[in-house]
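First listed ligand is number 1; within each ligand, the first listed atom is number 1.
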Amino acid sequence: MNASSPSPAQNQASTTTLYGGVTNRRVTVRDLAAAKQRGEKWSMLTAYDALTAGVFDEAGIPVLLVGDSAGNCHLGYETTVPVTMDQMVMLSAAVVRGTKRAMIVADLPFGSYQESPAQAMHNAARLMKEAGVGAVKLEGGERSARSIELLVEAGVPVMAHIGLTPQSVHALGGYPVQGRGDEAAHQLLRDAKAVQQSGAFAVVLEAVPAELAAQVTEQLAIPTVGIGGGPDTDAQVLVWTDMAGMTAGRVPKFVKQYADLRTVLGDAARAYAQDVRTGAFPAAEHSFH
Ligand code: KIV
């Protein structure tokens with residue numbers, strides 16, 4: 001086998017499905033490209049720690065994102081802006097350690113790639129070398145194209161992120177839907193084509209009208225991953241704390257809540273506290289003699 005011929009594991013990529021087909025290795029960018037060819041939709045969830053990531057890995061989620069949403073969903077900040085590279089490296093390493101099969105994508109946080117392609121490369125290398133992730137994600141379309149190109153040339157798989165880009169929350173004045181109106185829709189299409197042209201293997205479309213997301217998905221050869229982008233993208237991503245009902249207060253309109261973990265966990269904590277108060281815990285079976 002020479003360097004350019006695919007290994008047996010790589011060959012498997014074009015013939016097996018993401019769900020159940022890939023069992024003894026991590027999901028790769030080739031698997032995701034093949035899924036688009038087959039029209040197979042896939043799911044992505046965020047993860048910020050080894051335990052939760054392990055649950056999602058065992059559940060067969062093919063791609064886990066160590067999102068900088070860790071800022072608001074894990075570290076207690078109001079936005080993603082304060083998240084640092086050191087925090088992303090630590091959380092990403094935990095997610096990698098807790099999983100066997102999922103592709104792990106880590107976000108480059110605000111301020112870690114916007115200065116220059118060289119800065120993007122330096123920090124992407126940290127996520128790959130120190131945390132062991134398989135790919136990085138960064139925000140921006142045309143404005144990030146040069147950085148994506150350099151990373152891809154250097155062998156870093158890049159997932160792009162366009163539409164609503166939460167790292168720009170202060171410039172946007174909140175989290176408004178993007179791509180509404182002709183000019184904004186054309187810009188979104190230009191952004192999508194720019195990141196594909198630069199070599200991104202997939203692109204997240206956040207908070208864009210469903211019809212526009214469908215149009216982008218049809219026009220791109222790489223998979224689109226929607227969050228608030230309607231039903232026609234190639235894949236979907238949700239923040240796990242929103243999806244599982246851990247988030248306090250209101251969640252965005254595009255979230256479907258599949259569990260009510262906040263109530264389950266709160267009830268468990270209240271029952272435990274009550275048992276301690278009454279002396280029901282620890283019982284004989286929890287004690288050593
Ligand atoms: O940080 C994150 O969780 C994300 C998703 C919303 C796509 O970027």
Fill in: Nearest atoms (heavy-atom pairs only) where W42 meets P223
CZ2-CB, 4.0 Å
Practice prompt. Kindly indicate, with the supporting measurements, whether the criterion side-chain hydrogen bond (donor to acceptor under 3.5 Å, both in side chains) is fulfilled by Q114 and Q119.
Written response: CA-CA 8 Å; Q114 290 92 341; Q119 187 203 23; 6.0 Å; no
Worksheet entry | Ligand-side contact atoms (ligand 1) for residue partner I227, heavy atom cut-off under 4.0 Å | 6 (C)
Worksheet entry | Proximity of T46 to ligand 1 by residue part, where a heavy atom lies under 4.0 Å | side chain
Worksheet entry | ligand 1 contact on L65 by region, counting heavy-atom pairs under 4.0 Å | side chain
Worksheet item: Counting from 1, what ligand 1 atoms have a heavy atom of K137 closer than 4.0 Å?
Response: 4 (C), 8 (O)
Practice prompt. Any atoms of ligand 1 less than 4.0 Å from a non-hydrogen atom of G67? List them with their elements.
Written response: 1 (O), 2 (C), 3 (O)
Discussion item. Quick check against the 3.5 Å criterion: does R26 have a side-chain atom that pairs as donor or acceptor with the backbone of T99?
Written reply: yes
Worksheet item: Just by distance, do the side chain of D232 and the backbone of A214 share a donor-acceptor pair under 3.5 Å?
Response: no
Item to complete: Taking only heavy atoms of D107 into account, list the atoms of ligand 1 that are under 4.0 Å away from them.
Response: 1 (O), 2 (C), 8 (O)
Worksheet item: Taking atom types as modelled, is there a side-chain donor on E149 or Q197 under 3.5 Å from an acceptor on the other?
Response: no
Worksheet item: How far does CE of M44 sit from NZ of K137, to the nearest 0.5 angstrom?
Response: 6.5 Å
Worksheet item: How does V225 reach ligand 1, if at all, at less than 4.0 Å between non-hydrogen atoms: by side chain, backbone, both, or neither?
Response: neither
Response to the item:
Quick note on ligand 1: atoms under 4.0 Å from a heavy atom of S69 include exactly 1 (O), 2 (C), 3 (O)
